[in-house]
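Sharing a structure, written as structure tokens. Questions coming.
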There are 2 protein chains.
Amino acid sequence: MPKALPVIDATAPVCCAPVAAAPMGEEAALEVAVRLKALADPVRLRLLSLLLAGEEVCTCDLAPAVGLTEATVSHHLGQLKKAGFVSGERRGMNVYYRAHRDALGAIAQVIDPACC
Amino acid sequence: MPKALPVIDATAPVCCAPVAAAPMGEEAALEVAVRLKALADPVRLRLLSLLLAGEEVCTCDLAPAVGLTEATVSHHLGQLKKAGFVSGERRGMNVYYRAHRDALGAIAQVIDPACC
DNA sequence: CCACCTACTTGACGTACGTCAAAGACCTTG
DNA sequence: CAAGGTCTTTGACGTACGTCAAGTAGGTGG
């Protein structure tokens, strides 16, 4: 990662051939890697599963659920949002987050060698 | 990650409920996260796709394919091996690596919200 | 308008990661 | 055994990441 940090937009679901389909190009690998990196954290996985369980959850409920500061949770949610896995909407005093199942399914299909 | 680094064995395919099934426990999240972290790198994704394309490939062929030092490629292959995605076997002067499709499929199923 | 609450941003700290050069380990061929 | 090729390990360097404390922005209610 000491490579020049490539800032790319990853808010949309991945759209590229599965890993097993053919040798990946450098750009395609990066597209997949940035999204996987967003998922490759225990806290973010737990946040995602909480969001997938309930329809909408606000930060104030998520923070105690994972046992971390609201600041830290906000940071993780920001990472997930940048990767397109969640989106948040402010309603009143709270911000309600929602998981995007399609984005999750898309990255899963890229990884799965059986699915294609 | 400043948390006490938890050294766990991840050589076997993941075996836990999908993320969407129910709120993940701390241990389950870690099991998935360490494997995803191994996958969350452009170089390792390219190496995996190269291994999935051919049956067996040796380091000497992989290094030039990704444009990195053999030392670096060896390090990445070690990461993938620790995560159970590949395994290498020495035959003569070369070490031949092979991808494990089942381990890849297992982590894909855990991620996919549709698959369960 | 003034407290007050929720959520995000900033700065700082320590740890982990990716990379390479150099040295070591393993095997084969003369 | 010596020479050479292939891989892995070690050490070092710079960058990125996760975490929190503190400060700021946005919204509500007296």
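Labels below follow one simple rule: chain letters A, B, ... track the order of the sequence lines, proteins then strands, and each chain is numbered from 1.
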Clusters formed by hydrophobic residues whose side-chain heavy atoms approach within less than 4.5 Å: which one holds A:Met93, and what are its other members?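 In the cluster with A:Met93 there is nothing else; it is isolated.
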Near DNA chain C, under 4.0 Å by heavy atom, which residues of residues 49-56 of chain A?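 Correct list: empty, so none.
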Tell me whether the OP1 or OP2 atom of D:dC7 has a side-chain N or O from B:Asn94 closer than 4.0 Å.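 So the side chain of B:Asn94 is within the cut-off, an N or O lying under 4.0 Å from OP1 or OP2 of D:dC7.
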Below 4.0 angstrom from OP1 or OP2 of C:dC8, is there any side-chain N or O of A:Tyr97?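 Yes, such a contact exists.
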Please determine, for the side chain of B:Ser74, which listed nucleotide (C:dC17, D:dT8, C:dC20) has the closest atom?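 Looking only at heavy atoms from C-beta outward on B:Ser74, the closest nucleotide is D:dT8.
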Tell me, please, which residues at least two apart from A:Ala29 pass side-chain contact (heavy atoms from CB on, under 4.5 Å).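 Testing A:Ala29 for side-chain contact (heavy atoms from CB on, under 4.5 Å), a comparison that skips the adjacent residues, returns A:Met24, B:Pro42, B:Leu45, B:Arg46.
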Closest nucleotide among D:dC7, C:dC17, C:dC20 to the B:Thr59 side chain: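 Nearest to the side-chain atoms of B:Thr59, counting from C-beta on, is D:dC7.
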Just to verify, what does A:Val34 make a side-chain contact (heavy atoms from CB on, under 4.5 Å) with, not counting sequence neighbours?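 side-chain contact (heavy atoms from CB on, under 4.5 Å) list for A:Val34, sorted by chain: A:Ile8, A:Ala10, A:Leu30.
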Hydrophobic clusters join Ile, Leu, Val, Met, Phe, Trp and Tyr when side-chain heavy atoms are under 4.5 Å apart, directly or via other members; which others share one with A:Tyr96?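 Reading the cluster by chain and number, A:Tyr96 sits alone, since nothing else belongs.
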List in chain and number order the residues that pass side-chain contact (heavy atoms from CB on, under 4.5 Å) with B:His76, two or more places apart in sequence or in another chain; answer none if no residue qualifies.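 B:His76 satisfies side-chain contact (heavy atoms from CB on, under 4.5 Å) with B:Asp41, B:Val43, B:Arg44, B:Leu47, B:Thr72 once adjacent residues are dropped.
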List the residues meeting side-chain hydrogen bond (donor to acceptor under 3.5 Å, both in side chains) with A:Ser87, not counting sequence neighbours, and say none if there are none.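 Listed in chain order: A:His100.
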Looking for any heavy atom pair under 4.0 Å, which part of the strands does B:His76 touch: base, sugar-phosphate only, or nothing?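 Sugar-phosphate contact only - B:His76 comes under 4.0 Å of backbone atoms but never of a base.
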Contact class for A:Tyr96 (heavy atom, under 4.0 Å): base, sugar-phosphate, or nothing?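 No contact.
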Identify, with sequence neighbours excluded, every residue that meets side-chain contact (heavy atoms from CB on, under 4.5 Å) alongside A:Lys82.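 Checked A:Lys82 against side-chain contact (heavy atoms from CB on, under 4.5 Å); matches are A:Gln79.
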Protein and nucleotides 2-4 of chain C: nitrogen or oxygen contacts under 3.5 angstrom:
none

Which residues pass the salt bridge (Lys or Arg N to Asp or Glu O under 4.0 Å) test with B:Glu56, sequence neighbours left out?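 Only B:Arg91, B:Arg98 meet the salt bridge (Lys or Arg N to Asp or Glu O under 4.0 Å) criterion with B:Glu56.
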At a heavy-atom distance below 4.0 Å, what parts of residues 82-92 of chain A sit against DNA chain D?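 Of all residues in residues 82-92 of chain A, the ones placing a heavy atom under 4.0 Å from DNA chain D are A:Arg90, A:Gly92.
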